[in-house]
Amino acid sequence: MLNEKVAVVTGGTRGIGLEIVKTFKENGAKVILFGSRKESTEEAIETLKKDNVEVEGYFPKLDDLQSVEKVINEIVEKYGKIDILVNNAGISANKKIDETSEQEFEDIMDLNVKAMFNTIKATVPYMKKENSGVILNTSSMVSIYGQPSGVGYPTSKFAVNGLTKSLARELAPYNIRVNAVAPGITNTDMVAKLPKEMIEPLIKTIPLGRIGEPRDIANAFLFLASDLASYITGVILSVDGAARS
Ligand code: NAD
């Protein structure tokens with residue numbers, strides 16, 4: 001489905017991002033993953049190599065435009081183009097507002113929103129040159145419903161939806177599609193970090209009766225990245241088992 005496409009996946013070292021990397025590779029793409037640190041990036045590349053999955057990795061500072069531009073330029077020099085950009089790196093929060101510091105709020109906005117702006121800004125000139133491209137952003141079910149604590153996280157994901165819908169309109173004349181996937185509760189480290197007493201009752205309320213697996217989410221990214229979605233842009237696709245909390 002993605003034969004010979006060049007794809008960049010941020011937050012590709014574990015969880016949903018790592019599964020997107022694997023799924024895209026299985027479907028013929030050349031994939032470059034971004035991690036937060038040298039060690040975790042190299043570790044992910046080594047793990048994939050053991051399964052005969054060959055990818056390259058970089059670890060730009062995503063909230064620093066210059067650092068991102070340097071790496072994106074290098075990738076285009078090497079691969080000739082970027083067809084698909086997946087903005088998946090993200091952190092969450094679950095503290096009440098009176099326990100949340102200004103710095104913690106800023107950290108979430110820097111990674112979940114500003115980093116997305118930076119990678120898109122660095123990549124779009126190349127996509128415009130090709131008159132083709134796909135940008136996919138990881139949103140969340142909290143971008144629709146909010147959540148009862150950790151206000152920075154839903155705030156950032158509402159922003160992701162705004163950025164997605166607006167850029168879909170701005171970039172459509174250049175044949176660049178921009179969509180987001182909004183996962184529900186998904187079986188990754190991000191959820192493992194949260195208290196069991198908080199997560200288990202939520203899983204029980206999911207109409208499909210189970211937590212989402214990273215592959216459930218990666219398959220939605222695959223569809224939106226592929227030509228099967230050639231007339232879809234500006235969409236926030238919920239992949240959440242009909243969870244509504
Ligand atoms: P995860 O914690 O397993 O992975 C997060 C990824 O982001 C990692 O690859 C990590 O390297 C990267 N990252 C973290 N901090 C970074 C930084 N400062 N700079 C660069 N990269 C950084 O989490 P996940 O569940 O796989 O989350 C992936 C995306 O899915 C996030 O955007 C998250 O908000 C979203 N999401 C997750 C769930 C869920 O239930 N797991 C639900 C909805 C949305």
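Each ligand, and each atom within it, is numbered from 1 in the order the structure gives. Position 1 is the first residue of the sequence; numbering continues from there. Please read these numbers as outputs of a predicted model, since none were measured by experiment.
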| Any side-chain heavy atom of Ile135 sitting closer than 4.5 Å to one from Val124? | yes
| field | Ser40 to ligand 1, any heavy atom closer than 4.0 Å | value | no
| Is any side-chain N of the basic residue among Glu19 and Arg215 closer than 4.0 Å to the acidic one's carboxylate O? | yes
| remark: The atoms of ligand 1 lying under 4.0 Å from a heavy atom of Ile185, numbered in the order shown, are 40 (O)
| Sub-3.5 Å N/O-N/O distance, Thr188 and ligand 1 | yes
| remark: If we number the atoms of ligand 1 from 1 as shown, the ones under 4.0 Å from a heavy atom of Gly15 are 3 (O), 26 (O)
| task | Would you indicate whether the side-chain heavy atoms of Val113 and Thr155 approach each other to under 4.5 Å? | result | no
| note | So the atoms of ligand 1 within less than 4.0 Å of a heavy atom of Ile16 turn out to be 26 (O), 30 (O), 37 (C)
| task | Using a strict cut-off of less than 4.0 Å between a Lys/Arg side-chain nitrogen and an Asp/Glu carboxylate oxygen, indicate whether Glu46 and Lys49 qualify as a salt bridge. | result | yes
| request: Select one of side chain, backbone, both or neither to describe which atoms of Lys157 lie under 4.0 Å from any atom of ligand 1, heavy atoms only. | output: side chain
| query | Does ligand 1 have any atom sitting under 4.0 Å from a heavy atom of Phe59? | reply | no
| atom 12 (C) of ligand 1 [closest protein heavy-atom partner, distance rounded to 0.1 Å] | Gly11 CA, 3.7 Å
| query | What protein heavy atom is closest to atom 36 (N) of ligand 1, reported as residue, atom name and distance in Å? | reply | Tyr153 OH, 3.5 Å
| field | Sidechain N-carboxylate O distance under 4.0 Å for Lys61, Asp63 | value | yes
| task | Pick one of side chain, backbone, both or neither for how Leu62 approaches ligand 1, counting any non-hydrogen atom pair under 4.0 Å. | result | side chain
| field | Side-chain ion pair, Lys78 and Glu74, N-O less than 4.0 Å | value | no
| said: Using a 4.0 Å cutoff against the non-hydrogen atoms of Val191, which atoms of ligand 1 qualify? | reply: 39 (C), 40 (O), 41 (N)
| field | CD (Glu99) with more than 12 external heavy atoms under 6.0 Å | value | yes
| note | One finds that the ligand 1 atoms under 4.0 Å from a non-hydrogen atom of Gly12 are 9 (O)
| query | Just one of Thr119, Val9, Val8 clears the side-chain contact (heavy atoms from CB on, under 4.5 Å) bar with Asn87, so which one? | reply | Thr119
| query | Below 4.0 Å from any atom of ligand 1, is there a heavy atom belonging to Ser139? | reply | yes
| query | Non-hydrogen atoms of Arg37 versus ligand 1: any pair closer than 4.0 Å? | reply | no
| query | Nearest 0.5 Å, what's the CD-CG distance between Glu170 and Leu163? | reply | 9.5 Å
| query | So is Ala182 close enough to ligand 1, meaning a heavy atom under 4.0 angstrom away? | reply | no
| query | Any N or O of Arg14 that comes nearer than 3.5 Å to an N or O of ligand 1? | reply | yes
| task | Answer yes or no: is there a side-chain heavy-atom contact under 4.5 Å between Ile32 and Tyr79? | result | yes
| said: Can you report which non-hydrogen protein atom sits closest to atom 27 (O) of ligand 1, along with the distance? | reply: Met190 CE, 3.8 Å
